[in-house]
Asker: 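I'd like to ask you about the structure that follows.
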Amino acid sequence: MRKYITLFAAALLLSSCIPVQDFGGYWNRGTVDSSLLGKWPAKNSQDYELVTERKGVYYIDEVKKGRKQPEDGMVAKTLYAGKYTFLMLKDPKSDINVGIARYKIKHRTLQFYALSTKAMSIFLKKKYPNVKNIQILKCKKCFFNGSLVIHTLDKSVYTVLKNIPDTKKFWMPDGEL
């Protein structure tokens, strides 16, 4: 249960993030996109995200105005799924998977996208009814009722991810740096 609480707390902090319990073999397939490296300033702030690379893994740290040391953030790798790029995120202290977040870089702006749970629910029922490792949580008493979660990132889930339509019905801009 603690694992689920950690995953969902991180998902709240990263609203674009789809919780993933197990990256399966896809963590090892992840890469480093050199265009992500560097400082990513927050809009209307002197704070920024600092993305560095060590041994094939991103380290994403938050640097706040007036602090000499960055706050520990996440470790990540890029996953390419068809025309999409996702950050696979982990907590560096516990090595617990956090999730995936779709991103695009355009004109030195890092744009994140949130996936519509409603559109995704219909898409899964219609196109991928037999894929069991990705689902919409249904628990009326749960705070996260209606959230999309990936249990194990396997070949079938990867196929779903790369085939999600690239439309505003599915993907909404959800923050940028």
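In what follows, residues are counted from 1 in the order of the sequence shown.
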Asker: Treat each ILVMFWY residue as a node, draw an edge where side-chain heavy atoms are under 4.5 Å apart, and state whether I136 and I122 are in one component.
Answerer: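 Per the 4.5 Å side-chain linkage, I136 and I122 are not co-clustered.
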Asker: Between Y59 and R54, which heavy-atom pair has the shortest distance, and what is it?
Answerer: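 Looking at all heavy atoms of both residues, the shortest contact is CG-NH2, 3.2 Å.
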Asker: Tell me every residue that passes ring pair (Phe, Tyr, Trp, His ring centres under 6.0 Å) with Y80, counting only those two or more places apart in sequence or in another chain.
Answerer: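 Residues passing ring pair (Phe, Tyr, Trp, His ring centres under 6.0 Å) with Y80: none at all.
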Asker: With sequence neighbours left out, what residues match Y158 under ring pair (Phe, Tyr, Trp, His ring centres under 6.0 Å)?
Answerer: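 Once residues adjacent in sequence are excluded, the partners of Y158 under the ring pair (Phe, Tyr, Trp, His ring centres under 6.0 Å) criterion are Y26.
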Asker: Are L87 and I105 in one and the same hydrophobic cluster, where Ile, Leu, Val, Met, Phe, Trp and Tyr link if side-chain heavy atoms are under 4.5 Å apart?
Answerer: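 Per the 4.5 Å side-chain linkage, L87 and I105 are co-clustered.
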Asker: I need the minimum non-hydrogen distance between C17 and A101, along with the two atoms involved.
Answerer: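 For C17 versus A101, the nearest heavy atoms are CA-CB, 4.3 Å.
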Asker: Looking at every heavy atom in both K126 and P129, which two are closest together, and how far apart are they?
Answerer: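 So the two residues come closest at O-CD, 4.2 Å.
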Asker: Looking at every non-hydrogen atom in both residues, tell me the closest pair between Y58 and T78 and how far apart they are.
Answerer: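 Heavy atoms of Y58 and T78 come nearest at OH-OG1, 2.6 Å.
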Asker: Check whether any side-chain heavy atom of I18 sits under 4.5 Å from a side-chain heavy atom of I134, and report yes or no.
Answerer: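 They are not in side-chain contact.
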Asker: In sequence, state the C-alpha distance, the side-chain angles, and the governing distance for W40 and I60, and then conclude on side-chain contact (heavy atoms from CB on, under 4.5 Å).
Answerer: CA-CA 10 Å; W40 293 93; I60 304 170; over 6 Å; no
Asker: Under the side-chain contact (heavy atoms from CB on, under 4.5 Å) test, which residues partner K77, sequence neighbours left out?
Answerer: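 Partners of K77 under the side-chain contact (heavy atoms from CB on, under 4.5 Å) test: W27, V57, M88.
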Asker: Step by step, work out the side-chain contact (heavy atoms from CB on, under 4.5 Å) result for R102 and L115.
Answerer: CA-CA 9 Å; R102 181 183 169 205; L115 183 59; over 6 Å; no
Asker: State, yes or no, whether a side-chain contact exists between T152 and V157 at a heavy-atom distance under 4.5 Å.
Answerer: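 Not touching, per the 4.5 Å side-chain cut-off.
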Asker: If the condition is side-chain contact (heavy atoms from CB on, under 4.5 Å), which residues does K169 pass it with, not counting sequence neighbours?
Answerer: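 Per chain and number, K169 pairs via side-chain contact (heavy atoms from CB on, under 4.5 Å) with A119, T167.
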Asker: Go through the structure and list residues passing side chain to side chain donor-acceptor pair (under 3.5 Å) with T52, not counting sequence neighbours.
Answerer: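 Residues passing side chain to side chain donor-acceptor pair (under 3.5 Å) with T52: none at all.
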Asker: Residues in ring pair (Phe, Tyr, Trp, His ring centres under 6.0 Å) with Y128, at least two apart?
Answerer: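 Result, ring pair (Phe, Tyr, Trp, His ring centres under 6.0 Å) vs Y128: F123.
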Asker: By side chain to side chain donor-acceptor pair (under 3.5 Å), which residues pair with W171, not counting sequence neighbours?
Answerer: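 W171 satisfies side chain to side chain donor-acceptor pair (under 3.5 Å) with Y84 only.
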Asker: Mind checking whether N97 and L153 have side chains closer than 4.5 Å, heavy atoms only?
Answerer: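 The answer is no; the side chains never approach within 4.5 Å.
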Asker: Check for me, please, whether L89 and L37 land in the same ILVMFWY cluster - side-chain distances under 4.5 Å, paths through other members count.
Answerer: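 L89 and L37: one cluster.
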Asker: Within a strict 4.5 Å, meaning less than it, do heavy atoms of the T159 and K127 side chains meet?
Answerer: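 Not in contact.
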Asker: With D33, which residues qualify under side chain to side chain donor-acceptor pair (under 3.5 Å), at least two apart?
Answerer: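 Here the qualifying residues are S35, Y103.
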Asker: What residues, two or more places apart in sequence or in another chain, satisfy side chain to side chain donor-acceptor pair (under 3.5 Å) together with Q135?
Answerer: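 H151.
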Asker: Is any side-chain heavy atom of Y113 less than 4.5 Å from a side-chain heavy atom of D174?
Answerer: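 The answer is no, as the side chains (C-beta and beyond) never meet within the 4.5 Å cut-off.
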Asker: State which residues pass side-chain contact (heavy atoms from CB on, under 4.5 Å) with K39; sequence neighbours excluded, sorted by chain then number.
Answerer: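 Residues passing side-chain contact (heavy atoms from CB on, under 4.5 Å) with K39: Y48, L50.
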Asker: Just grab all the salt bridge (charged side-chain N to carboxylate O under 4.0 Å, His left out) pairs involving residues 153-162, residues at least two apart or on different chains.
Answerer: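 Found none.
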Asker: Evaluate the side-chain contact (heavy atoms from CB on, under 4.5 Å) criterion for residues I100 and F23: first the C-alpha distance (whole Å), next the side-chain angles of each, then the deciding distance (0.1 Å), finally the verdict.
Answerer: CA-CA 9 Å; I100 60 172; F23 286 125; 3.8 Å; yes
